[in-house]
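The following block contains the structure, expressed as structure tokens.
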Amino acid sequence: MQRAIIAVIVINSVTIGMETSSHLMDRAGDLLHAVDRLALAIFTVEIAARLYAYRREFWSDPWNWFDAIIVVVALVPATGLLSVLRALRILRALRLISAVPSMRRVVNALLTAVPGMASIIGLLVLMIYIAAVVATTLFGDIVPERFDELPRSLFTLFQIMTGDDWGSVAQEVMEHKPWAWMFFIAYILMSTFVALNLFIAVVVNAMNDAEPSPAETQAQAELETVKRELAAVNAKLDQLLIRQTSPANGRGRRHQQL
């Protein structure tokens, strides 16, 4: 059933993308609409079946909420003021995240990494703000179209952080202040390389914590096997001790009676 739903999600995502082509719509528009309605009917029946099977427990899983919201949005008539919802039909493709376990694990790991990422984002914002104030003070007079005010400086530095044509910006400033390369190189190293590596480290650490490696899974299975074997050995030893001590206890009682 899960594989069938995944196949329907993929097919529906492809057909929604094909509807953006006027050439394909002229040739097979009715067929694409029919496939879309059939996929929506399948999704609705699936959600209804899961609701019937799990009852209240259905709402205890956040992924079930996610699936239900996407299907409900698709069921809303996309007419009048709600015509924008027609463009949101492609959100059904996001159901692959809940349908594929490996994707769910990745998303859960990313959500787990959010607190650590928030700290890094705060550090990055602080760095950009300090650099923007410095750049506005140093370069605002010579390159006003990029650094005349703080908002413009923030945008320019964000552009430099993404690597978008930062060399041209640096050349414009260096024509007036040749030493400006030190500022730009230090800023790029701190904002791009350091922050990016911190993001990657936090996400990788969260994914490692969320999903054990195959070696760890195998070691855990072997440990459970050893525990069961030790428990069986202990049970046999207890039985042997009971058998050995029972005759001795009987002879002791007879001696006391005599």
Tell me whether the count of non-hydrogen atoms from other residues, nucleotides or ligands lying under 6.0 Å of CG in Asp30 goes above 12.
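No, because the 6.0 Å sphere around CG of Asp30 holds 12 heavy atoms or fewer from other groups.
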Is Thr15 reaching over with its side chain to a backbone N or O of Asn12, donor-acceptor style, under 3.5 angstrom?
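Answer holds: yes.
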Only counting residues at least two apart or in another chain, list the ones meeting ring-ring contact (aromatic ring centres under 6.0 Å, His included) with Phe155.
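With neighbours one apart ignored, the set is empty.
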Let me confirm one number: the CD1-CD1 distance from Ile9 to Ile97, rounded to the nearest 0.5 Å.
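Going from CD1 on Ile9 over to CD1 on Ile97, the span is 10.0 Å.
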If you round to the nearest 0.5 Å, how far is OG1 of Thr156 from CD of Glu145?
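Atom-to-atom, Glu145:CD and Thr156:OG1 are 9.0 Å apart.
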Examine Ile142 and Tyr187 and state if one hydrophobic cluster contains both, with Ile, Leu, Val, Met, Phe, Trp and Tyr joined whenever side-chain heavy atoms are less than 4.5 Å apart.
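Result: yes, single cluster for both.
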Residues in side chain to side chain contact (heavy atoms under 4.5 Å, CB included) contact with Ile188, at least two apart in sequence or another chain:
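With sequence neighbours excluded, Ile188 shows a side chain to side chain contact (heavy atoms under 4.5 Å, CB included) to Ile160, Trp166, Thr192, Phe193, given in chain and number order.
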Name all residues meeting the salt bridge (Lys or Arg N to Asp or Glu O under 4.0 Å) criterion together with Glu172; count only those two or more places apart in sequence or in a different chain, and write none if there are none.
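Glu172 satisfies salt bridge (Lys or Arg N to Asp or Glu O under 4.0 Å) with Arg146 once adjacent residues are dropped.
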For Leu138 versus Lys177, what's the shortest heavy-atom pair and its separation?
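That would be O-NZ, 2.7 Å.
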Distance check, rounded to the nearest 0.5 Å: Leu124 atom CG versus Ile128 atom CD1?
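The distance works out to 4.0 Å.
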Residue list, side chain to side chain contact (heavy atoms under 4.5 Å, CB included) with Thr44, at least two apart or on another chain
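Scan of Thr44 (side chain to side chain contact (heavy atoms under 4.5 Å, CB included), adjacent residues dropped) gives Leu40, Val71, Leu75.
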Glu224 atom CD, over 12 foreign heavy atoms within 6.0 Å
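Atom CD in Glu224 is packed in, count exceeds 12.
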Among residues at least two apart in sequence or on other chains, which ones pass side-chain hydrogen bond (donor to acceptor under 3.5 Å, both in side chains) with Glu229?
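None.
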How are the rings of Phe139 and Phe184 set to each other: parallel, tilted or perpendicular (split at 30° and 60°)?
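Phe139 and Phe184: parallel rings.
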Please name the pair of heavy atoms, one in Ala180 and one in Val173, separated by the smallest distance, quoted to 0.1 Å.
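Here Ala180 and Val173 meet closest at CB-CG1, 3.5 Å.
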Side-chain heavy atoms under 4.5 Å apart, restricted to Ile/Leu/Val/Met/Phe/Trp/Tyr: what other residues fall into the cluster of Leu230, or is it alone?
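Members besides Leu230, by chain and number: Val226.
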Taking only residues two or more places apart in sequence or in another chain, which ones pass side chain to side chain contact (heavy atoms under 4.5 Å, CB included) with Leu150?
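Partners of Leu150 by the side chain to side chain contact (heavy atoms under 4.5 Å, CB included) criterion, ordered by chain and then number, come out as Tyr129, Ala132, Val133, Thr136, Leu154.
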Identify the two heavy atoms, one from Pro178 and one from Trp181, that lie closest to each other, and give their separation to 0.1 Å.
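Minimum heavy-atom contact is O-CD1, 2.9 Å.
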Residues in salt bridge (Lys or Arg N to Asp or Glu O under 4.0 Å) contact with Asp148, at least two apart in sequence or another chain
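Listed in chain order: Arg152.
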Output the rest of the hydrophobic cluster of Ile11: all Ile, Leu, Val, Met, Phe, Trp and Tyr residues reachable through side-chain heavy-atom contacts under 4.5 Å, sorted by chain and number.
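Under the 4.5 Å side-chain rule, Ile11 groups with Leu31, Val35.
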Check whether Met182 and Leu189 end up in the same hydrophobic cluster, where Ile, Leu, Val, Met, Phe, Trp and Tyr are linked by side-chain heavy atoms less than 4.5 Å apart.
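Yes; Leu189 is reachable from Met182 via cluster members.
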Candidate pair Glu57 and Asn64, rule side chain to side chain contact (heavy atoms under 4.5 Å, CB included), full reasoning:
CA-CA 10 Å; Glu57 293 181 1; Asn64 291 337; over 6 Å; no
Shortest non-hydrogen contact from Ala131 to Leu157?
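Scanning both residues, the minimum pair turns out to be C-CD1, 3.4 Å.
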Linking I/L/V/M/F/W/Y whenever any side-chain heavy atoms sit under 4.5 Å apart, do Leu240 and Ile242 land together?
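Looking at the clustering, Ile242 is in a separate group from Leu240.
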Give every residue pair that meets the ring-ring contact (aromatic ring centres under 6.0 Å, His included) criterion with at least one member in residues 39-73, sequence neighbours excluded.
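Listed by first then second residue: Trp59-Trp65, Trp63-Phe66.
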Verify the cluster assignment for Ile42 and Val72: are they in a single hydrophobic cluster under the rule of side-chain heavy atoms below 4.5 Å apart?
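No; tracing contacts between hydrophobic side chains, which count when under 4.5 Å, never links both residues.
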Side chain to side chain contact (heavy atoms under 4.5 Å, CB included) between Val134 and Phe147: does it pass, once the steps are laid out?
CA-CA 10 Å; Val134 174; Phe147 299 104; over 6 Å; no
Pairs where residues 41-55 contributes a residue and the test salt bridge (Lys or Arg N to Asp or Glu O under 4.0 Å) is met, not counting sequence neighbours
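Every salt bridge (Lys or Arg N to Asp or Glu O under 4.0 Å) pair that includes a residue of residues 41-55, provided the two are not neighbours, is Glu46-Arg50, Glu46-Arg95, Arg50-Asp67.
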Can you see whether His23 engages Arg27 through a side-chain donor-acceptor pair at a distance of less than 3.5 angstrom?
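Checked: His23/Arg27 side chains pair up, N/O donor to acceptor below 3.5 Å.
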Hey, what do you get for CD1 (Ile130) to CE (Met127), rounding to the nearest 0.5 Å?
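Rounded to the nearest 0.5 Å, the CD1-CE separation comes to 8.5 Å.
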Of the non-hydrogen atoms in Ser191 and Met161, which two are nearest, and what is the gap between them?
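Looks like OG-CG, 3.9 Å.
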Can you pull out every salt bridge (Lys or Arg N to Asp or Glu O under 4.0 Å) where at least one residue sits in residues 113-142? Sequence neighbours excluded, please.
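Passing the test, one end in residues 113-142: no pairs.
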Following the transitive rule for hydrophobic clusters with a side-chain heavy-atom cut-off under 4.5 Å over Ile, Leu, Val, Met, Phe, Trp and Tyr, establish whether Leu223 and Val233 coincide in one cluster.
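No, Leu223 and Val233 fall in different hydrophobic clusters.
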Considering non-hydrogen atoms only, spot the tightest contact between Ile47 and Ala68 and give its length.
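Result for this residue pair: CD1-N, 4.3 Å.
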Test log, rule side chain to side chain contact (heavy atoms under 4.5 Å, CB included), inputs Glu19 and Leu24:
CA-CA 7 Å; Glu19 289 181 14; Leu24 292 175; over 6 Å; no
